[in-house]
Amino acid sequence: MNDKLVIGNQELQSRLFLGTGKFSSNKIMPSAITAAKAQVVTVALRRADQAYPEENILNFIPKGCILMPNTSGARTAEEAVRIARMSRTLGCGDWIKIEVISDNRYLLPDNQETIKATQILAAEGFVVLPYMSPDIMSAKCLVEAGAAAVMPLGAPIGSNRGLQTKELIRILIEEIELPIIVDAGIGRPSEAAEAMEMGAAAVLVNTAVATAKDPVAMAGAFELAVRAGRQAYLAGLGRVLDCNASASSPLTGFLHA
Amino acid sequence: MKFIDELEKYNALDYETFFRKVTDHDIMHILNKPSINRLDYLALLSPRAENHLEVIARRANQDTVRNFGQVMQLFTPMYIANYCMNQCVYCGFNHENTLKRVKLSMEEIKAEGKLIAKTGLKHVLILTGESQIHSSLDYILEAVEKLKEFFTSISIEIYSLQEPEYKRAVKAGVDGMTMFQEVYDAEVYKELHLAGPKSDYAFRLDAPERACKAGMRVVNIGALLGLNDWRKEAFLTGVHADYLQRKYSDVEIAVSTPRMRPSVGGFPPRVLVEDINIVQYITAYRIFMPRSGITLSSRESVNLRNHLTYLGVTKMSAGVTTAVGGHSKGEEVSQFDISDSRSVREMSAMLYSEGYQPIYKDWQALF
């Protein structure tokens with residue numbers, strides 16, 4: 001069966017995107033990325049240092065992966081735009097994950113600034129994947145602004161609290177034409193599977209893999225979970241409505257009386 | 001409202017009575033809360049909480065790893081001048097102390113910068129003594145301009161500025177400021193800061209807020225441990241950080257936990273602050289402010305710094321000298337003695353062996 005995810009003219013086989021910010025060593029990353037079978041990998045551009053190849057995070061991303069630099073550290077649309085442009089200058093490609101956070105207490109994204117940055121960068125030809133708080137009107141604005149996908153959070157970054165915003169994400173999946181990628185909050189493979197069962201196009205995971213006791217094995221576990229969740233979604237989940245509860249029809253019986 | 005007004009709320013707080021009432025049950029209850037308030041934080045700083053240090057440390061470790069990952073940002077200080085108009089009785093740069101006063105030329109600053117940059121570090125902290133005459137803001141910002149060639153993030157630890165001056169610094173490319181209040185207790189402050197601009201307690205106390213208003217990205221505060229009851233100072237530092245972070249959510253508020261070290265002048269600490277106290281402070285603060293940076297200097301010993309890697313610290317200095325021009329000219333007279341003289345390479349090797357990734361670059365200034 002052909003079940004490909006298409007973002008920015010790229011056909012993706014893998015629906016598990018990986019973050020790179022929290023590994024105990026860059027050297028673990030290539031094996032974790034391979035075990036996750038991830039094709040899209042996000043890197044904080046603030047950490048990239050081409051002047052210092054030994055420690056430059058970019059040098060640890062396996063060839064063939066799509067690099068999705070992110071604008072981590074940006075507090076405004078303007079800063080995000082500048083980071084994105086810098087990314088292009090550095091030869092990091094056209095994909096950009098917009099992350100605009102001016103709330104250091106909870107690390108929640110600023111949807112308004114994110115929409116502004118999306119507008120500017122999409123017009124400049126970037127493939128823009130904005131990270132956002134799941135809000136239907138903001139998501140519609142992001143579609144208008146030219147986003148390639150919408151990335152709502154399941155819970156605050158690094159919280160490993162799972163799909164706390166499940167109902168809001170479900171609405172985005174129903175209403176928004178673009179791929180919905182659940183980013184942040186997913187703490188365990190079962191939660192990734194749950195997001196995929198709901199019809200999310202993909203999930204992005206960082207903390208749960210990078211800080212696991214065995215990050216490579218955990219990356220593999222997420223790969224299985226994401227595939228299982230997707231397969232379940234495509235298979236159509238079993239009915240939950242109880243059809244055999246009563247032989248009589250207390251609510252509609254009168255129609256046949 | 002300014003922080004000094006917020007601080008007043010705690011003037012009447014009877015710490016002794018509060019601590020006496022803290023029970024083991026309270027500590028366990030606090031540790032099970034998803035987020036804790038100011039008085040919970042104070043309870044974690046209590047003598048009673050010392051009995052639960054291992055559990056507190058576990059929670060601090062988990063909170064840190066979840067929020068920051070297994071990484072440690074490294075930076076190094078660069079002292080460019082030691083002229084000082086203040087008389088802070090505990091400081092090596094005290095105006096009254098006889099020591100060779102120096103100020104680096106721009107050429108010397110570039111030479112220092114070049115040497116530090118060779119280690120791979122991209123974050124530098126520029127320090128001066130407090131003399132607007134010998135190290136004017138113009139001089140400091142000229143140094144910043146020269147250092148941009150080598151570093152992607154430049155912070156300053158200098159005398160308190162007015163808000164428009166902080167704005168100038170931000171515009172010139174400074175993205176972080178460090179300002180230690182030294183002592184939050186106004187009476188003790190008065191006894192220790194005898195003369196000079198720094199003797200103005202309120203002006204200094206308000207400096208971090210002026211920097212936040214001016215658009216600084218990172219503001220790092222702290223109390224110098226050893227000058228007053230550490231539990232009280234740790235609490236008020238936390239309250240200060242919480243106040244700033246709530247009011248200026250776009251600024252990264254960080255704290256340092258500097259402990260007094262021997263220096264020229266030989267002023268002994270007024271209060272003995274032990275390793276166990278530093279551990280309690282750092283772990284309690286981490287639980288109170290789970291996303292705030294914690295900076296640890298080379299004042300602390302190799303052994304303690306190695307262990308604190310796990311317990312909440314997010315930023316450490318490496319390859320440190322506290323002497324003016326110390327990187328290029330070798331040690332002369334320093335502000336204080338350091339305990340951990342490991343190079344950037346040695347620190348990185350230690351971090352890797354402990355399962356932590358050293359981060360040399362964590363920000364790229366957007367000029």
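The analysis underlying the following values was restricted to heavy atoms, covering all of them including side chains, and did not include hydrogens, waters or symmetry mates. Chain letters run A, B, ... following the sequence lines, proteins first, then strands; residues in each count from 1.
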Which atoms of [X] approach chain B - backbone, side chain, both or neither, heavy atom under 4.5 Å:
{"X": "A/Asn26", "result": "both"}
{"X": "A/Arg161", "result": "side chain"}
{"X": "A/Thr76", "result": "neither"}
{"X": "A/Ser25", "result": "both"}

For this session: For A/Lys22 and B/Phe68, indicate whether the former's side chain and the latter's backbone hold a donor-acceptor pair under 3.5 Å.
Result: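 No.
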Exercise. So, does B/Lys361 use its side chain to make a donor-acceptor pair with the main chain of A/Arg46 at under 3.5 Å?
Worked result: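 Checked: pair present.
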Exercise. Going by an N to O cut-off under 4.0 Å, is there a salt bridge joining B/Asp242 and A/Arg105?
Worked result: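 Yes, this pair counts.
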For this session: Determine, for B/Glu252 against A/Arg75, whether the closest basic-nitrogen to carboxylate-oxygen distance falls under 4.0 angstrom.
Result: no
Heavy-atom check, side chain of [X] versus side chain of [Y], under 4.5 Å:
{"X": "B/Gln357", "Y": "A/Ile28", "value": "no"}
{"X": "B/Gln364", "Y": "A/Leu45", "value": "no"}
{"X": "A/Tyr106", "Y": "B/Arg291", "value": "yes"}

Once rounded to the nearest 0.5 Å, what's the spacing between atom [atom1] of [X] and atom [atom2] of [Y]?
{"X": "B/Thr152", "Y": "A/Asp49", "atom1": "OG1", "atom2": "CG", "answer": "7.0 Å"}
{"X": "A/Ser102", "Y": "B/Tyr248", "atom1": "OG", "atom2": "OH", "answer": "15.0 Å"}
{"X": "B/Asp250", "Y": "A/Asn104", "atom1": "CG", "atom2": "CG", "answer": "7.5 Å"}

Exercise. Just wondering, are more than 12 heavy atoms of other shown residues or ligands nearer than 6.0 Å to CE in B/Met1?
Worked result: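 Yes.
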Seminar exercise, completed: Turns out that what part of B/Tyr352 lies under 4.5 Å from chain A's heavy atoms comes down to side chain
Seminar exercise, completed: Ranking B/Met289, B/Lys122, B/Arg246, B/Met72 by heavy-atom pairs under 4.5 Å to chain A gives rank one to B/Arg246
For this session: May I ask you to name which of A/Ile101, A/Ile83, A/Asn206 has the most heavy-atom pairs under 4.5 Å with chain B?
Result: A/Ile83
